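Labels below follow one simple rule: chain letters A, B, ... track the order of the sequence lines, proteins then strands, and each chain is numbered from 1. Every value quoted in this text rests on a predicted model; they were computed, and no experiment measured them.
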Number of protein chains: 2
Amino acid sequence: MRRDPFQAIADPTRRAILVLLAMHSMTPNALAEHFDTTRQAVSKHLRVLTECELVRAVPSGREMHYTLQVRNLKKVDRWLEQFRALWENRFSQLDDVLTTLKKG
Amino acid sequence: MRRDPFQAIADPTRRAILVLLAMHSMTPNALAEHFDTTRQAVSKHLRVLTECELVRAVPSGREMHYTLQVRNLKKVDRWLEQFRALWENRFSQLDDVLTTLKKG
DNA sequence: TCCTTATGAAACCGTTTGGTTGCGAATATA
DNA sequence: TATATTCGCAACCAAACGGTTTCATAAGGA
């Protein structure tokens, strides 16, 4: 089973969860209210996110507070880094044909 | 079938293909030599990447030259943008406990 | 204590994924 | 023309994915 941040953010629901948790930590029930699925489905996504260490569970009584753990998102950012130069230089501003010529 | 850059870069082989194509355009055969799979498997990945418009196929005789199309990678970059502030501010430099306090 | 609420885990299901093999079409070469 | 090479497509397969329903556990409230 692949467990890395790239696979984690492939799912749109998981991306939305991360965005919500970026505001403040939330319980599974509170999160589930934002989606058109069951609490258990959200819980499964939280499990994946926890295994990827993109999220951390903090118990509080009978509730569980999930918190964003931003560190591993940086891995995605670092991977993108190697392409950033390509879309920031002036060649990539031109159309695709020119890009092709440059690389061919 | 979901076809977006997030799903495209979830697969490690596809990420490696994108990195290789960032250097210069390549044919499916040339690409396949870099991996421990068949040409057809690489071809399938190229199909996905093409559908996501992360790659563009340029025919040349009986060969096909695949070129990186960087535009849609920016979508991932823009999504990450909303988290970048979190790991760039001084709070995220502290350990996870502090991060929790800040968000709780 | 009894009941409700919050949660995770397990079993199950249909679809998607990533891979293989085999094929046919089209281009280059002898 | 005949042959070899490059490639995409279709069929098939096992494993993973995303979802549901059901159940057990544990904590709060009447």
Side-chain angles (χ1 to χ4, degrees), chain A residues 1-21 24-69 76 100 104, chain B residues 1-21 24-69 76 100 104:
Chain A
M1 207 179 315
R2 202 159 11 95
R3 278 293 118 102
D4 59 63
F6 293 96
Q7 183 256 347
I9 66 170
D11 184 84
T13 302
R14 282 198 292 267
R15 285 201 300 280
I17 289 175
L18 291 175
V19 170
L20 285 169
L21 294 185
H24 44 76
S25 63
M26 293 175 82
T27 65
N29 263 326
L31 280 168
E33 284 173 11
H34 290 79
F35 302 103
D36 194 22
T37 88
T38 60
R39 174 190 61 80
Q40 283 84 347
V42 171
S43 212
K44 271 192 165 190
H45 285 306
L46 287 170
R47 190 171 199 271
V48 173
L49 291 170
T50 303
E51 284 169 3
C52 296
E53 293 183 290
L54 287 172
V55 135
R56 221 162 47 88
V58 181
S60 163
R62 70 177 162 181
E63 291 184 343
M64 205 56 125
H65 292 270
Y66 283 87
T67 302
L68 181 67
Q69 208 172 2
V76 180
T100 306
Chain B
M1 207 179 314
R2 201 161 11 97
R3 277 293 116 102
D4 59 63
F6 294 96
Q7 183 255 348
I9 66 170
D11 183 85
T13 302
R14 283 199 289 268
R15 284 201 300 278
I17 288 175
L18 292 176
V19 171
L20 285 169
L21 293 184
H24 44 74
S25 65
M26 293 174 83
T27 65
N29 264 323
L31 279 169
E33 285 174 10
H34 290 79
F35 302 103
D36 193 23
T37 89
T38 59
R39 172 188 63 80
Q40 282 86 346
V42 171
S43 213
K44 272 193 164 188
H45 285 305
L46 287 170
R47 190 171 199 272
V48 173
L49 291 170
T50 303
E51 285 168 3
C52 296
E53 292 183 289
L54 287 173
V55 136
R56 222 163 45 89
V58 181
S60 164
R62 71 176 160 181
E63 290 183 343
M64 207 55 127
H65 292 270
Y66 283 87
T67 303
L68 181 69
Q69 208 174 359
V76 181
T100 304

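Counting heavy atoms from C-beta outward, A:His65 and A:Thr27 have side chains that approach closer than 4.5 Å. Under the 4.5 Å side-chain criterion, counting only non-hydrogen atoms from C-beta, A:Gln7 is in contact with A:Val48.
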Let's go through B:Tyr66 and B:Val42 carefully: what are the C-alpha distance in whole Å and the side-chain angles of both, what is the deciding distance for side chain to side chain contact (heavy atoms under 4.5 Å, CB included) to 0.1 Å, and is it a yes or a no? CA-CA 12 Å; B:Tyr66 283 87; B:Val42 171; over 6 Å; no

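Crowding of A:Arg47 atom CZ: a count of heavy atoms from other residues, nucleotides or ligands under 6.0 Å not exceeding 12.
Note: CD (B:Glu63) to P (C:dA28) measures 9 Å, nearest angstrom. If you measure from atom CD1 of B:Ile9 to atom P of C:dT17, you get 15 Å, rounded to the nearest angstrom. When rounded to the nearest whole Å, the span between CE of B:Met64 and C1' of C:dA25 equals 13 Å. Rounded to whole angstrom, the span from the CG atom of B:Asp11 across to the C1' atom of D:dA16 amounts to 13 Å. At whole-Å resolution of the value, CD in B:Glu51 and P in C:dT16 are 13 Å apart. Rounded to an integer number of Å, the gap from A:Arg2 CZ to C:dT17 C1' is 9 Å. Here the C1' atom of nucleotide D:dC17 and the CG atom of A:Leu49 are 14 Å apart, to the nearest Å.
Mapped onto DNA chain D by nearest heavy atom, A:Arg62 and A:Gln7 fall at different nucleotides, with A:Gln7 at the one closer to the 5' end. Each of B:Gly61 and B:Asp36 has a nearest nucleotide on DNA chain C; the 5'-most of these lies closest to B:Asp36.
Closest non-hydrogen pair, A:Phe6 versus B:Ile9, comes out as CB-O, 3.7 Å.
Regarding contacts with the backbone of D:dG18, a side-chain N or O of A:Arg14 is found under 4.0 angstrom from either OP1 or OP2. A close approach under 4.0 Å does occur between a side-chain nitrogen or oxygen of B:Arg3 and OP1 or OP2 of C:dT17. Note on B:Arg47: every side-chain N or O is 4.0 Å or more away from OP1 and OP2 of D:dG8. Remark: A:Asn29 is in phosphate contact with C:dT7, judged by side-chain N or O atoms under 4.0 Å from OP1 or OP2.
Between the CG atom in A:Leu54 and the CZ atom in A:Arg15 there is a gap of 12.5 Å [rounded to 0.5 Å].
Near-neighbour residues of DNA chain D inside residues 37-46 of chain A, defined by a heavy atom below 4.0 Å, number-ordered: A:Thr37, A:Thr38, A:Gln40, A:Ala41, A:Lys44, A:His45.
Of the residues A:Thr67, A:Ile17, A:Leu21, the one that meets the side-chain contact (heavy atoms from CB on, under 4.5 Å) test with A:Met26 is A:Leu21.
Which of D:dG8, C:dT17, D:dC17 sits closest to the side chain of B:Tyr66 comes down to D:dG8.
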